[in-house]
Student: 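Mind having a look at this structure? Questions to follow.
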Amino acid sequence: MQSLLLPAQESYLLLRILNGSFQALDSLKDQISVYFAQFFNSKSGLDLIDSRSISCDRNEKKEISDGEGEPRGAVFNALDAMLKGSLDRLKTMRESISWGHTGSSDAILETKYSSDITMIRALCLEGKLGTALWLWRTMVQQFRIPDVLTHNYLLNGLCKSGDLGRAEWLVKEMLRHGPSPTCATYNTLMSGYCLVNKVDKALDLFSTMADHGIRPNRVSCNILVHTLCQKGLLEDARMLLEKILEEDGSDGETSDLITSTILTDGYFKTGNMVEALTCWNDVFQRGIEVDVVAYNVMIHGFCLTGDINLVYKSLCEMFKSGHLPDIFTYNTLISNLCKSGKTNEACYVFSVMPRMGVPPDHLTYKMIIQGLCINGDALRANHFLSHMLEDSLIPKPLIWNVIIDAYGKCGDVEKAFSVKIKCFGHISSALQLHDEMLRRGCNPDIVTYTELLKCYCMRNKMEEAQELFFKGIKLLQPKVGAVNMWEEIIEVHVKDGFTVFLHIISWTPGVLAAIVM
DNA sequence: CTAGGGTTAG
């Protein structure tokens with residue numbers, strides 16, 4: 001409880017600041033400087049600058065070191081740190097006071113500890129690493145060291161966000177001050193390396209783990225095998241696996257469904273169906289129980305090889321073994337049906353999903369709408385769009401673009417005058433879609449405008465095209481992509497393209513820059 | 001969901 005008490009002078013200053021009793025900014029500055037000098041000279045027990053403290057923001061850290069040559073900067077940096085520290089302590093104090101009457105202080109500290117580590121873990125899962133690290137630092141400064149699990153959550157968050165620099169730093173911190181890294185810690189860092197394509201570093205870590213007294217496990221192995229498979233290095237993956245298993249000795253743990261799934265998937269994706277099936281049969285021969293993911297890999301594999309009968313056969317086997325299809329299964333199936341032009345079957349499968357307790361997701365809609373549009377069925381695609389909106393799923397620009405494009409393409413196929421009139425109607429539908437996008441807070445992107453321009457250009461409606469072009473430029477805040485729109489006009493209508501070019505020349509420098517790029 | 005496998009692709 002001692003650390004909760006505020007030194008008298010500090011609290012006095014703090015109170016005065018909070019009460020706003022300083023009359024002028026200058027006097028504030030002076031008092032701060034004086035206080036700051038006293039603070040440093042007296043070397044009071046405040047743990048403002050802890051050796052373990054890290055900066056959540058790198059610039060912040062840089063400022064502090066830059067400030068050495070500039071006393072005023074240093075003063076304010078230190079003041080920031082001081083105020084923050086004081087506020088933190090006040091918060092802690094207030095919390096403990098409000099709980100003080102209900103239980104013993106040990107119980108309070110324990111509750112606080114577990115609520116803090118729960119908070120860190122939740123923040124990491126939400127990807128709020130800055131806040132998570134801040135809370136971590138706060139705890140460390142109060143000598144309340146989070147457990148390994150929490151450290152691993154932090155590490156995982158850093159790795160998933162691609163911040164390998166801080167991930168490495170965190171592991172070093174753990175080695176220096178504890179808690180000691182576990183196998184999961186090293187595995188997390190390994191998969192982080194793989195994520196940013198530093199496979200050599202991952203391999204390096206794999207072979208040096210033992211130096212820290214941690215033996216790589218099955219997960220470590222799978223991480224590497226998976227990465228090698230992703231790169232198409234199937235043979236290397238297989239060799240590595242064999243080598244590891246050899247060194248490991250036969251502790252009966254040679255069969256791992258996940259390893260087999262990774263390899264099967266890898267073989268299917270590189271077009272080696274024979275090896276894929278060998279892998280799969282191997283699993284069955286060993287009597288390993290197969291799970292939904294493994295079935296999905298098989299179903300996807302047969303989709304790739306075009307064996308629709310084997311796809312359905314696998315589905316039947318899946319049902320027979322008591323596994324129900326999940327969202328991946330349905331999406332794989334729908335994707336395949338759409339690609340082979342069987343949109344009716346795809347729509348049927350779609351209708352089955354909610355009844356089987358698996359509601360369609362963004363991907364399902366995307367594939368079915370795209371499939372219908374490729375088939376020229378803009379009307380039905382639009383129907384699914386409404387369905388999607390009813391499901392409270394906000395379509396990404398791509399979906400809108402695909403439908404706009406489908407409307408535009410109608411004119412390409414049918415040339416009769418009467419149909420042309422109908423297509424003009426579709427142009428207005430396209431514009432309606434565009435307006436609906438804006439209304440729903442979905443920003444049209446460069447492709448949206450390019451598609452709309454195509455609609456106009458195909459029908460020689462160059463004035464509208466130009467108008468839309470400028471509208472798009474304005475809304476998009478010119479990017480490199482603007483060149484696409486520009487090219488679209490030129491390509492379709494060379495002569496008028498020159499007129500547009502003249503218009504652009506007289507446009508703002510920002511637009512010009514975009515065009516020149 | 002402390003770490004490892006599966007669905008798309010303007």
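Remember, predicted model here, so these are calculated numbers, not experimental data. Basis for what follows: all heavy atoms, side chains included, without hydrogens, waters or symmetry-related copies. All chains are named by letter (A, B, ...) in the order of the sequence lines, taking the proteins before the strands, and each is independently numbered beginning at 1.
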Student: Which label fits A:His387 and A:Phe384: parallel for a plane angle under 30°, tilted from 30 to 60°, or perpendicular past 60°?
Tutor: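 If you compare the ring of A:His387 with that of A:Phe384, the planes turn out parallel.
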Student: What does A:Ile223 touch in the nucleic acid at a heavy-atom separation under 4.0 angstrom: a base, only the sugar-phosphate, or nothing?
Tutor: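 Counting heavy atoms under 4.0 Å across all strands, the contact made by A:Ile223 is with sugar-phosphate only.
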Student: Any chance the rings of A:Phe268 and A:Phe302 have centres within less than 6.0 Å?
Tutor: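 Yes: the rings meet the under 6.0 Å criterion.
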Student: Tell me which residues in residues 343-368 of chain A lie within less than 4.0 Å of DNA chain B, going by non-hydrogen atoms.
Tutor: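 Within this stretch, A:Leu363, A:Lys366, A:Met367 sit under 4.0 Å of the strand.
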Student: Given B:dA3, B:dG5, B:dT8, which nucleotide is nearest the side-chain atoms of A:Asp291?
Tutor: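 Taking heavy atoms from C-beta onward, the closest nucleotide is B:dG5.
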Student: Provide, to the nearest angstrom, the distance between the CG atom belonging to A:Asn401 and the C1' atom belonging to B:dA9.
Tutor: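 Checked: the CG to C1' distance equals 14 Å.
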Student: Using the side-chain heavy atoms of A:Lys269, tell me which of these nucleotides is nearest: B:dC1, B:dT7, B:dT2.
Tutor: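 Within the option list, the nearest is B:dT7.
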Student: Mind checking if A:Val293 touches a base, just sugar-phosphate, or nothing, with heavy atoms under 4.0 Å?
Tutor: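 Result for A:Val293 = base.
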Student: What nucleotide among B:dG10, B:dG5, B:dA3 has an atom nearest to a side-chain atom of A:Leu257?
Tutor: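 For the A:Leu257 side chain, the nearest candidate turns out to be B:dG5.
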Student: B:dG5, B:dT8, B:dA3: which one has an atom nearest the side-chain heavy atoms of A:Ser335?
Tutor: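 Closest of the options to the side chain of A:Ser335: B:dT8.
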Student: Choosing from B:dG5, B:dT2, B:dA3, which nucleotide comes nearest the side chain of A:Leu149?
Tutor: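 From the listed options, B:dT2 comes nearest.
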Student: Fit a plane to each ring of A:Tyr295 and A:His323, take the angle between them on a 0 to 90° scale, and name the class: parallel (under 30°), tilted (30 to 60°) or perpendicular (over 60°).
Tutor: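 Taking A:His323 first and then A:Tyr295, their aromatic rings sit tilted (interplane angle of 30° to 60°).
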Student: Rounded to the nearest Å, what distance is computed from the CH2 atom of residue A:Trp136 to the C1' atom of nucleotide B:dT2?
Tutor: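 Answer to the nearest Å: 17 Å.
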Student: CD1 of A:Ile334 versus C1' of B:dT7: gap in Å, rounded?
Tutor: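 One finds 10 Å between C1' of B:dT7 and CD1 of A:Ile334, rounded.
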Student: Can you check the distance between B:dT7 and B:dA3, where both ends of the measurement are the C1' atom (answer in whole Å)?
Tutor: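 That atom pair is separated by 23 Å.
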Student: From the options B:dG5, B:dA3, B:dT2, select the nucleotide whose nearest atom is closest to the side chain of A:Thr188.
Tutor: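 Nearest nucleotide to the side chain: B:dA3.
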Student: Which residue in the set A:Ile214, A:Asn187, A:Leu205 passes side chain to side chain contact (heavy atoms under 4.5 Å, CB included) when paired with A:Ser220?
Tutor: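 Exactly one pass, corresponding to A:Asn187.
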Student: Can you tell me the distance, in whole Å, between the CG atom of A:Leu224 and the P atom of B:dA3?
Tutor: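 To the nearest whole Å, that distance equals 17 Å.
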Student: Distance check needed: B:dA3 P versus A:Ile262 CD1, whole Å only.
Tutor: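 Rounding to the nearest Å, CD1 of A:Ile262 and P of B:dA3 are 15 Å apart.
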Student: Reckon A:Val292 touches a base, only the sugar-phosphate, or nothing at all at heavy-atom distances under 4.0 Å?
Tutor: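 Here A:Val292 touches the bases of the nucleic acid.
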Student: Taking the minimum atom-to-atom distance to the side chain of A:Ala184, which one of B:dT7, B:dG5, B:dT2 wins?
Tutor: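 It is B:dT2.
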Student: With sugar-phosphate meaning primed atoms plus P, OP1 and OP2, does A:Asp265 contact a base, only sugar-phosphate, or nothing at under 4.0 Å between heavy atoms?
Tutor: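 Contact class for A:Asp265: sugar-phosphate only.
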Student: Whole-Å distance between B:dT2 P and A:Asp147 CG?
Tutor: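 My rounded result for the distance is 11 Å.
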Student: Please report the interatomic distance CG(A:Leu189) to SG(A:Cys194), rounded to the nearest 0.5 Å.
Tutor: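 SG of A:Cys194 is found 10.0 Å from CG of A:Leu189.
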Student: Among all residues two or more places apart in sequence or in another chain, which pass the side chain to side chain donor-acceptor pair (under 3.5 Å) test with A:Tyr312?
Tutor: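 A:Tyr312 satisfies side chain to side chain donor-acceptor pair (under 3.5 Å) with A:Glu345 only.
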Student: Should we count CD of A:Glu110 as having more than 12 external heavy atoms under 6.0 Å?
Tutor: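 12 or below, so no.
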Student: Is there a side-chain polar atom (N or O) of A:Asn156 under 4.0 Å from OP1 or OP2 of B:dT2?
Tutor: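 For B:dT2, neither OP1 nor OP2 has a side-chain N or O of A:Asn156 closer than 4.0 Å.
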Student: To the nearest 0.5 Å, how far apart are OG1 in A:Thr182 and CG in A:Asn152?
Tutor: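 Between atom OG1 of A:Thr182 and atom CG of A:Asn152 there are 4.5 Å.
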Student: Could you check how far CG of A:Leu129 sits from C1' of B:dC1, rounded to whole Å?
Tutor: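 It works out to 15 Å between those atoms.
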Student: Looking only at atom types and distance, does a side-chain atom of A:Asp282 sit under 3.5 Å from a main-chain N or O of A:Thr278, one as donor and one as acceptor?
Tutor: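 Between the backbone of A:Thr278 and the side chain of A:Asp282 there is no qualifying donor-acceptor contact (under 3.5 Å).
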Student: Ignoring the backbone of A:His300, work out which of B:dG10, B:dT8, B:dA3 is nearest its side chain.
Tutor: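 So the nucleotide nearest the side chain must be B:dT8.
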Student: For the side chain of A:Thr332, counting heavy atoms from C-beta on, which of B:dA9, B:dT2, B:dT7 is nearest?
Tutor: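 Selected nucleotide (nearest to the side chain): B:dT7.
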Student: Once you apply a heavy-atom cut-off of 4.0 Å, does A:Lys396 come out as touching a base, just sugar-phosphate, or nothing?
Tutor: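 Here A:Lys396 touches no strand at all.
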Student: Rounded off to whole Å, could you give me the CD1-to-P distance for the A:Ile214 and B:dA3 pair?
Tutor: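 Distance check: A:Ile214 CD1 to B:dA3 P gives 17 Å.
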